[in-house]
Protein chains: 2
Amino acid sequence: MPRQSKETPTDHVFAALAHPVRRDLLAALLDGPETAQSLADRYEMARPSVAEHLKVLRGVGLVSERPAGRNRYYSLTPEPLALLRAWLEPYEQFWRGRMSRLASLLEKEPLS
Amino acid sequence: MPRQSKETPTDHVFAALAHPVRRDLLAALLDGPETAQSLADRYEMARPSVAEHLKVLRGVGLVSERPAGRNRYYSLTPEPLALLRAWLEPYEQFWRGRMSRLASLLEKEPLS
DNA sequence: ATAATACGTAGGATATTTCCTACGCGTCAA
DNA sequence: TTGACGCGTAGGAAATATCCTACGTATTAT
């Protein structure tokens, strides 16, 4: 399997979540919408840098924006995280498979 | 909150999963242990490059190795993915909150 | 012993990411 | 209108990540 040539939405979500600052930004938005400026203040980071990160998050649909006068409020839209959960699925099955195999093993040979 | 200075295990798991090739490698290992060489063949990539990726995955505990003569079998150890699921938790709660608020809104003002 | 093969890692070229300052645009207050 | 403020983005420096070939080591086959 020589790696799919096209990048999938899941690829982009993983890439967006790879950076600690972007995950921090998402966490901050759990408490409600905020502006780029106030987020920049919170993280001791230049506002344009925060704006870039927000752009990435918006690109994968994890964040949406609402203009309000000269302000612009960013809010969390967690739907794309469903892709992450879907990706996780086969590994959890794999894990459960291992666990049950271990369980049946212990059943046959207890306390050895 | 000026960003935690120390990197957490969760940070490292996200970083490890950020690269498409590393996710492909994990997916390949779902079918059972494999050597670096056979993985390299599958992905049309130089073996040392695959070895580097495996090193990263091993660093976060997603992969373990078992030497066997001059071969070395890598296998999937999905436990660290629990960190990812834990990270996901607050966002799923956030999501459910939005859904239920929408539901109660529709209940009060149906089909408008 | 010798040849072949699998391995990890070093060294380094290249690509990508991240972060900043500088700028121009739009909005609000005076 | 004018000045202050918030915004996004361009441009570029610096840090990271990625991928390769080259090398040395260990194991198997001849």
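Letters go in sequence order (proteins before strands), and every chain restarts at 1.
- For the pair A:Arg72 CZ and C:dG26 C1', the interatomic distance rounds to 10 Å; values are reported in whole Å.
- The aromatic rings of A:Phe14 and A:Trp87 stand perpendicular to each other, their planes meeting at an angle above 60°, with 30° marking the opposite boundary.
- For A:Thr77 against A:Ser64, the heavy-atom pair with the smallest separation is CG2-OG, 3.5 Å.
- Heavy atoms only, all atoms of each residue included: B:Gly61 and B:Pro80 are closest at O-CG, 3.3 Å.
- Annotation for A:Arg98 and B:Leu76: closest pair NH1-O, 3.8 Å, computed over non-hydrogen atoms.
- Residues A:Arg23 and B:Asp11 are in side-chain contact: their nearest non-hydrogen atoms beyond the backbone lie under 4.5 Å apart.
- In this structure, B:Leu83 and B:Pro9 approach most closely via the heavy-atom pair CD1-CB, 3.8 Å.
- In this entry the distance linking CG of B:Leu17 with P of D:dA17 reads 15 Å, nearest Å.
- Although no hydrogens or angles enter the test, the distance criterion places a donor-acceptor pair under 3.5 Å between the side chain of B:Tyr91 and the main chain of A:Ala27.
- Counting only heavy atoms from C-beta outward, the side chains of B:Leu62 and B:Leu29 never approach each other to under 4.5 Å.
- More than 12 heavy atoms of other shown residues, nucleotides or ligands fall within 6.0 angstrom of atom CZ in B:Phe94.
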Contact list (N/O, under 3.5 angstrom) for nucleotides 11-21 of chain C vs protein:
residue	atom	partner	partner atom	Å
C:dT18	OP2	A:Arg22	NH1	3.4
C:dC19	OP2	A:His53	NE2	2.5
C:dC20	OP2	A:Ala46	N	3.2
C:dC20	OP2	A:Ser49	OG	2.6

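- A pairwise comparison of heavy atoms in B:Val56 and B:Ala16 identifies CG1-CB, 3.9 Å as the closest pair.
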What nitrogen or oxygen pairs link the protein and nucleotides 26-28 of chain D at under 3.5 Å?
residue	atom	partner	partner atom	Å
D:dT27	O3'	B:Arg70	N	3.4

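- The phosphate of D:dC7 (OP1 or OP2) has a side-chain N or O of A:Thr35 nearer than 4.0 angstrom.
- Nearer the 5' end of DNA chain C, as judged by each residue's closest nucleotide, is the contact made by B:Asn71, out of B:Asn71 and B:Lys55.
- DNA chain C is contacted by no residue of residues 58-66 of chain A, taking any non-hydrogen atom closer than 4.0 Å.
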